[in-house]
Asker: 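Here it is, the structure, as structure tokens.
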Amino acid sequence: MDREELLSATPEDSGAKKQESPLVSLEKDLAFYADAIKEVAVEIMVEGISAHPIFIAHQHEVSIGEMILNKEELNTDWTIQASTLEEFVEKGIIGKEKKEPFLKVYKKPEDFMCVFVIVPEGANFIYYPYNKGGR
């Protein structure tokens, strides 16, 4: 599955250039969402769904995971969906041969959210600490 299959729409402002990197607004939203995301991560692990939760941050429509935080409802810039390593492998986003190398760099999910960030230029994984800013 490639990026085009994941994205079924483009951002509303695809023609306009924003004055700051979208990652600035992403960091603000992740800080705002941290408690809710951690709660979902713990739930995914406790219920035995996966030991490796992955969250998708996007400003489009994506066809992976379950929406947990809607930017429209929360008046934020990013929507967050919850997924798992298993779904990423199943959908071919992480190749079966890349699963072990991915697990070697996967940070402790009790301390960091694993976020798959999708922007028009591409997508990448980041790890964001739940307690950034001394919470």
Side-chain angles (χ1 to χ4, degrees):
M1 174 173 286
D2 60 14
R3 188 171 67 100
E4 284 74 33
E5 291 177 48
L6 279 176
L7 304 175
S8 61
T10 56
E12 299 75 26
D13 60 345
S14 58
K17 227 15 176 171
K18 287 193 174 169
Q19 68 276 17
E20 61 182 27
S21 165
L23 299 181
V24 173
S25 67
L26 176 61
E27 183 170 12
K28 185 182 77 158
D29 283 1
L30 290 179
F32 178 70
Y33 291 153
D35 291 340
I37 291 174
K38 184 171 188 175
E39 195 174 301
V40 172
V42 168
E43 195 174 303
I44 288 170
M45 293 183 290
V46 167
E47 290 185 7
I49 297 167
S50 177
H52 305 96
I54 298 175
F55 297 92
I56 301 104
H58 61 90
Q59 296 176 315
H60 316 277
E61 294 295 317
V62 298
S63 59
I64 184 167
E66 300 282 326
M67 184 182 303
I68 59 168
L69 298 161
N70 184 330
K71 68 183 180 99
E72 306 299 328
E73 293 173 10
L74 297 165
N75 198 26
T76 55
D77 293 320
W78 294 83
T79 293
I80 306 294
Q81 302 206 179
S83 185
T84 62
L85 170 61
E86 293 79 4
E87 184 179 12
F88 269 64
V89 171
E90 181 185 304
K91 293 211 177 207
I93 298 165
I94 296 174
K96 287 180 175 46
E97 72 285 355
K98 300 283 189 197
K99 183 177 176 181
E100 286 308 313
F102 181 83
L103 286 172
K104 286 186 172 132
V105 298
Y106 187 87
K107 294 190 178 191
K108 191 175 177 187
E110 295 82 3
D111 299 329
F112 292 88
M113 60 181 90
C114 174
V115 183
F116 188 62
V117 181
I118 301 173
V119 293
E121 298 76 33
N124 211 340
F125 288 95
I126 64 164
Y127 290 88
Y128 190 82
Y130 289 115
N131 63 354
K132 189 164 185 176
R135 297 202 293 138

Asker: Is there a side-chain contact between E87 and K91, using heavy atoms and a 4.5 Å cut-off?
Answerer: yes
Asker: Looking only at heavy atoms, which two atoms of K99 and L85 are closest? And how far apart?
Answerer: CE-CD2, 4.0 Å
Asker: Would you confirm whether T79, through its side chain, and K71, through its main-chain N or O, come within 3.5 Å as a donor-acceptor pair?
Answerer: yes
Asker: Considering all heavy atoms of both residues, which atom of P109 and which atom of A51 are nearest to each other, and what is their separation?
Answerer: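 Heavy atoms of P109 and A51 come nearest at CG-O, 3.9 Å.
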Asker: According to a hydrophobic-cluster definition based on side-chain heavy atoms being under 4.5 Å apart (Ile, Leu, Val, Met, Phe, Trp, Tyr only), do M45 and I68 belong together?
Answerer: no
Asker: Give me the one residue out of Y128, F55, F125 that meets ring-ring contact (aromatic ring centres under 6.0 Å, His included) with F116.
Answerer: F125
Asker: With a 4.5 Å heavy-atom cut-off, do L26 and D77 have their side chains touching?
Answerer: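 No. Closest side-chain heavy atoms not under 4.5 Å.
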Asker: Should H58 and Q81 count as side-chain neighbours, where that means a heavy-atom distance under 4.5 Å?
Answerer: yes
Asker: Look at the side chain of D29 and the backbone N and O of T76, then say whether any donor-acceptor pair between them is shorter than 3.5 Å.
Answerer: no
Asker: Where do H52 and Y106 land on the side chain to side chain contact (heavy atoms under 4.5 Å, CB included) test, with the steps shown first?
Answerer: CA-CA 8 Å; H52 305 96; Y106 187 87; 3.6 Å; yes
Asker: With a 4.5 Å heavy-atom cut-off, do I37 and L69 have their side chains touching?
Answerer: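 Yes, side chains in contact.
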Asker: Please test I56 against V115 for side chain to side chain contact (heavy atoms under 4.5 Å, CB included), starting from the C-alpha separation and ending with a verdict.
Answerer: CA-CA 6 Å; I56 301 104; V115 183; over 6 Å; no
Asker: If you take all heavy atoms of C114 and Y127, which pair is closest and at what distance?
Answerer: CB-CE2, 3.6 Å
Asker: When you group the ILVMFWY residues by side-chain heavy-atom contacts below 4.5 Å and let the links chain together, are L30 and V42 in the same group?
Answerer: no
Asker: Please round to the nearest 0.5 Å and tell me the distance separating atom OG of S50 and atom CD1 of I44.
Answerer: 7.0 Å
Asker: Give the cluster check for M67 versus V117: same hydrophobic cluster or not, with ILVMFWY residues linked at side-chain heavy-atom distances below 4.5 Å.
Answerer: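 Different hydrophobic clusters.
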Asker: Are more than 12 heavy atoms from other residues, nucleotides or ligands located less than 6.0 Å from atom CD of E66?
Answerer: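 Counting neighbours around CD of E66, 12 or fewer heavy atoms of other residues, nucleotides or ligands fall under 6.0 Å, so no.
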Asker: About how many Å separate CG of N75 and CZ of F32, when rounded to the nearest 0.5 Å?
Answerer: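 The distance works out to 9.0 Å.
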Asker: How about N131 and D111: do any of their side-chain heavy atoms sit closer than 4.5 Å?
Answerer: no
Asker: Nearest 0.5 Å please: distance from the NZ atom of K104 over to the CD atom of E100.
Answerer: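 The CD atom of E100 is 6.5 Å from NZ of K104, to the nearest 0.5 Å.
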Asker: About how many Å separate CZ of F88 and CD1 of I93, when rounded to the nearest 0.5 Å?
Answerer: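 It comes to 4.5 Å.
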Asker: Do I49 and T84 come within less than 4.5 Å of each other through their side chains, counting heavy atoms only?
Answerer: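 A side-chain contact exists here, since the closest heavy-atom pair is under 4.5 Å.
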Asker: Using modelled atom types only, decide if a donor and an acceptor are shared between the side chain of K38 and the backbone of Y130 within a distance under 3.5 Å.
Answerer: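 Such a contact is absent between K38 side chain and Y130 backbone.
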Asker: Test side chain to side chain contact (heavy atoms under 4.5 Å, CB included) on W78 and I118 and set out the steps.
Answerer: CA-CA 10 Å; W78 294 83; I118 301 173; over 6 Å; no
